[in-house]
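Heads up, the thing below is written out as structure tokens.
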Amino acid sequence: MTNEKQFSDLEQNRIDKLLRLREQGMEPYPARSERTHTNLEAIADFEKTEKDENSEPVKATLVGRIRSMRPMGKLVFTHIEDGSGTIQLFIRANDVGVEQLDLLKKEFDLGDFIQASGDLFRTRTGEVSLRTDSFLMLSKAITPLPAAKDEEVDGEIIRHAGLTDPETRYRQRYADLAVNPEIRKIFQIRANVNRAIREFMDGNGFLEVETPILQPIYGGAAARPFITHHNQLKQDLYLRISFELYLKRLMVGGFERVYEIGRDFRNEGVDRTHNPEFTQIEFYMAYADYNQVMDFTEKLLAFTAEKVLGTTELTYQGKNFDFGKPWRRIELKEGLVELAGINIDDFPEAESLAKAMKEKGLKVDPKSPRGKLIDDLIGEFLEPTFIEPTFLYNYPRDISPLAKNLPGDPQIVERFEGFMGGFELLNAFTELNDPIDQEARFLEMGRAFASDSDDDFHPMDEDYLNAMKYGMPPNGGFGMGIDRLVMLFADQANIREVILFPHLRTREE
RNA sequence: GGGCGUGUAGCUCAAUGGCAGAGCAGUGGCCUUUUAAGCCAUUGGUUGAGGGUUCGAGUCCCCCCACGCUCACCA
């Protein structure tokens, strides 16, 4: 604030206004404000009394950011916006005096916060407005907000030349939110989703817990971690990639139903369904298997939809869904026969399966284990077709090291994933609680990925095995991406739209 | 990381290799029921950064940066 060169001409202009306001005795950043009604309360109060001819005029002191200003000589119309909505101020020289009106016209700008007092009435065109008899500056904006003008045509708001550049919108989300009120609705939905899920979980006897984000060993998913360092302990730590192994330690500890809602961090590619940090809910339910978790999932999503949207039906990217109906359930092997034309039972080895996939024109990594190839087939042939809510169940063992075997088939585990809108929304399984088998799985994974790359995908978590050796009740576990769920409820195609401050590369200079 | 695309005034966008423009915002006026208010006048540019070709580059070439879409990666 000391170097004047950091202000543009437009900003310097407003700083001059700010100084003039102060000279004339109006503090541009007063410590206190008053308000008797929110804007929408004021309109509602007025409409209540309007029908009664004997009622006194409704007096109000309102606050908000100036969103439009239409000066017409000795009369100014402005719209101000507070958290509840917008209302029109009707400010006349007759009511506030010529000097005050000049002050308003000369020193107040779009983006400033104003406080106005007066009484409510209806203008000739029928809009409830505040006939202002006094006003104050509450906060002077120095940088002009990106100019946006709204036009209402048949109840629909058309925005002219607002802020649309995605880079600016994400980098300066504050400006995006300030100028595009509908963006704020997405985050209202997000908050409502979280609240609904908590309400459902709490109502079903789950305990909400918090487990470490900084972990000495990461696990519970196949993802590369972010690494950080604790100075005093002289120890590298990982930001968690899942909550799974800690939450299941709590099963050992005697909690029968636990859940956590929090942030996971995965050091991987960014695209429209992946952000490096994202929010998950995981829960673990003792004495349940994956079939019960499937049923529970349907109830959870139906409840959440009802709470957030007021109905179980929703529209996503032009398609309609109903969370009130049971999800499609497709057995993985059968789904692949049907949609990929490959019966994986015919290809018991990675080599033969890879060959069959190449014949279908797929690119195949020669080092991939069989389970990875099957996962590739899912991504290629199944996932994009799963627009309707769909459970895909019975996954290959070698890509599911924490899931329990399906009795009678050593290659298959009791695991399902939930898809919707063409992307994966959730993942769940009957949890492996046999410590001997678990250790074998860790070793298998270590071998499977040892040749894969320099990345150490699956560090052995000895302490987790120790916990399991004390005895873990049979349980079903579940993880779901909250961001992706919010995408569905807010009808957004890109995960960044549902994250307030999505990560962008830092700009040089 | 690969491919394709974008980057011009505060915002949204124009400009065959030939004077860098418009609308809105801003500034100065007029205007006492407007709502994309209107009318008159007017300011505002290192065309993302750097290099090259050319008499002349926003435009063509090279390199870099950022963003978008997409592919790869992501159990």
Side-chain angles (χ1 to χ4, degrees), chain A residues 8-14 16-17 67-79 86 88-95 98 101 105-106 109-111 121-127 129 131 142-153 157-172 175 179 220-224 241-242 266-276 363 365 368-376 378-379 395-403 413 415 417 424 427 429 445 448-449 452-453 455 457-458 493-494 496 504-509:
Chain A
S8 68
D9 289 350
L10 291 172
E11 289 169 334
Q12 190 56 53
N13 192 349
R14 290 188 174 206
D16 294 343
K17 295 183 182 189
R67 292 303 303 271
S68 69
M69 180 120 65
R70 292 179 296 281
M72 324 190 52
K74 298 287 185 288
L75 167 67
V76 173
F77 290 97
T78 90
H79 274 99
T86 61
Q88 180 167 261
L89 304 183
F90 174 92
I91 310 171
R92 243 180 352 172
N94 295 21
D95 302 318
V98 175
L101 196 75
K105 290 201 288 186
K106 284 193 166 37
D109 289 294
L110 301 183
F121 76 114
R122 209 176 266 282
T123 63
R124 201 175 283 171
T125 53
E127 179 165 354
S129 306
R131 183 183 289 108
I142 293 185
T143 307
L145 284 173
K149 287 202 166 186
D150 292 348
E151 178 187 15
E152 200 173 314
V153 177
I157 291 173
I158 301 171
R159 175 145 314 127
H160 299 272
L163 176 62
T164 59
D165 174 54
E167 184 174 354
T168 312
R169 285 188 49 231
Y170 298 141
R171 281 192 199 281
Q172 299 190 40
V179 96
R224 280 183 286 174
I241 59 172
S242 85
R266 296 186 183 176
N267 202 340
E268 279 158 5
V270 176
D271 63 30
R272 70 177 197 286
T273 57
H274 295 83
N275 194 64
K363 277 182 290 181
D365 181 345
S368 290
R370 182 167 177 273
K372 177 75 176 71
L373 293 173
I374 292 170
D375 201 48
D376 290 344
I378 296 168
Y395 273 66
R397 167 191 165 105
D398 58 1
I399 53 170
S400 315
L402 301 165
V413 294
R415 171 182 174 190
E417 292 191 323
E424 180 191 339
N427 179 26
F429 31 90
M445 291 305 287
F449 286 97
D452 199 41
S453 66
D455 300 307
F457 272 93
H458 291 277
N494 195 310
R496 269 178 296 211
L504 296 181
R505 203 184 303 263
T506 307
R507 276 221 178 148
E508 305 221 331
E509 145 211 67

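Reckoned from all heavy atoms, side chains included, excluding hydrogens, waters and symmetry mates. First the proteins, then the strands, lettered A, B, ... as listed; each starts at 1.
In this structure, C60(B) and G52(B) make a Watson-Crick or G-U wobble pair, each of the two defining distances being under 3.5 angstrom. Judged by Watson-Crick or G-U wobble contacts below 3.5 Å, the nucleotide U34(B) has no partner. A 3.5 Å limit on both hydrogen-bonding distances identifies no Watson-Crick or G-U partner for C74(B). Across all strands shown, C11(B) forms a Watson-Crick or G-U wobble pair, both distances under 3.5 Å, with G23(B). Base pairing analysis places C69(B) opposite G3(B); the two distances defining the Watson-Crick or G-U wobble pair are each below 3.5 Å. Pair check for G44(B) finds none; no Watson-Crick or G-U wobble contact set falls under 3.5 Å.
Put simply, Lys372(A) has a side-chain N or O that comes within less than 4.0 Å of OP1 or OP2 on C74(B). At the phosphate of C67(B), OP1 or OP2 sits under 4.0 Å from a side-chain N or O atom of Arg505(A). Dashed line: the shortest gap from a side-chain N or O of Lys17(A) to OP1 or OP2 of G26(B) is not under 4.0 Å.
The distance between atom NE2 of His79(A) and atom C1' of U33(B), rounded to the nearest whole Å, is 12 Å. Taking atom CG on Leu163(A) and atom P on A9(B), their separation rounds to 14 Å, with Å as the unit. One interatomic measurement links the two molecules: CZ of Arg169(A) to C1' of U12(B), which rounds to 14 Å at whole-angstrom precision. The separation between Asp165(A) atom CG and U6(B) atom C1' is 10 Å, rounded to whole Å. Rounded to whole angstrom, the span from the CG atom of Asp9(A) across to the P atom of A25(B) amounts to 18 Å. At whole-Å resolution of the value, CD in Gln172(A) and P in G10(B) are 13 Å apart. Here C71(B) presents its P atom at 12 Å from NE2 of His274(A), a figure rounded to the nearest Å. Protein atom CE of Met72(A) is 8 Å distant from nucleotide atom C1' of U32(B), rounded to whole Å.
Nearest to the side chain of Arg171(A), among C67(B), U33(B), C74(B), sits C67(B). Comparing U12(B), U27(B), C74(B) by their closest approach to the side chain of Asn13(A) singles out U27(B). Distance from the side chain of Lys105(A) is smallest to C31(B) among U12(B), C31(B), C73(B). Checking U32(B), U33(B), A25(B) against the side-chain heavy atoms of Leu10(A) singles out A25(B) as nearest.
Remark: Asp376(A) engages Lys372(A) in a salt bridge, criterion side-chain N to carboxylate O under 4.0 Å. A salt bridge links Arg415(A) with Glu417(A): the closest approach of a Lys/Arg side-chain nitrogen to an acidic carboxylate oxygen falls below 4.0 angstrom. Note on Arg370(A) versus Asp398(A): no salt bridge recorded, every NZ/NE/NH1/NH2 to OD/OE distance being 4.0 Å or above.
Using a 4.0 Å heavy-atom criterion, one finds that Tyr395(A) contacts no nucleic acid atom at all. Pro396(A) comes within 4.0 angstrom of no nucleic acid atom, judged by non-hydrogen atoms across all strands. Residue Leu75(A) is classed as a sugar-phosphate contact, given heavy-atom separations below 4.0 Å to backbone atoms only. Residue Gly371(A) is classed as having no contact, given no heavy-atom separation below 4.0 Å to the nucleic acid. Thr123(A) comes within contact range of at least one nucleobase, with a heavy-atom separation under 4.0 Å. Counting any heavy atom pair closer than 4.0 Å across all strands shown, Asn427(A) reaches no nucleic acid atom.
U42(B) and A22(B) have their C1' atoms separated by 15 Å, given to the nearest Å. Nucleotides G28(B) and G44(B) have their C1' atoms positioned 15 Å apart, rounded to a whole Å. Between the P atoms of C63(B) and G52(B), the separation comes to 15 Å (whole Å). Between A25(B) and C40(B), the two P atoms lie 14 Å apart (nearest whole Å). Spacing of C1' atoms, G48(B) relative to U59(B), comes out at 16 Å, to the nearest Å. Taking atom C1' on both U70(B) and A14(B), the two are 28 Å apart, rounded to the nearest angstrom. Nucleotides G23(B) and C64(B) place their C1' atoms 34 Å apart, quoted to the nearest Å. Nucleotides C67(B) and A15(B), compared at atom C1', are 23 Å apart to the nearest Å.
Residues Ile91(A) and Leu101(A) meet the side-chain proximity criterion, which asks for heavy atoms closer than 4.5 Å. Looking only at side-chain heavy atoms (C-beta outward), Pro144(A) and Arg14(A) come within less than 4.5 Å of each other.
Counting non-hydrogen atoms of other residues, nucleotides and ligands closer than 6.0 Å to CZ of Arg122(A) gives a total above 12.
Residues Phe121(A) and Phe90(A) place their aromatic rings such that the two centres sit under 6.0 Å apart.
Across every non-hydrogen atom of Glu268(A) and Ala223(A), the tightest pair is OE2-CA, 3.0 Å.
Residue-to-nucleotide proximity on RNA chain B shows that, of Asp109(A) and Phe90(A), the 5′-proximal contact is made by Asp109(A). Take the nearest nucleotide of RNA chain B for Thr168(A) and for Gln88(A): the residue whose nucleotide is more 5' is Thr168(A).
Below the 3.5 angstrom threshold, one finds a donor paired with an acceptor across the side chain of Arg70(A) and the base of U34(B).
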Each nucleotide N or O in nucleotides 68-70 of chain B that has a protein N or O under 3.5 Å away: list the pair and distance.
| residue | atom | partner | partner atom | Å |
| --- | --- | --- | --- | --- |
| G68(B) | OP1 | Arg496(A) | NH1 | 2.6 |
| G68(B) | OP1 | Arg496(A) | NH2 | 3.3 |
| C69(B) | OP1 | Asn494(A) | ND2 | 3.0 |
| C69(B) | OP2 | Arg496(A) | NH2 | 3.3 |

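No side-chain N or O of Arg131(A) forms a donor-acceptor pair with one of Ser129(A) less than 3.5 Å apart.
The ring pair (Phe, Tyr, Trp, His ring centres under 6.0 Å) test applied to Tyr170(A) returns no partner, not counting sequence neighbours. Every residue meeting the salt bridge (charged side-chain N to carboxylate O under 4.0 Å, His left out) condition with Asp95(A), not counting sequence neighbours, appears here in chain and number order: Arg92(A).
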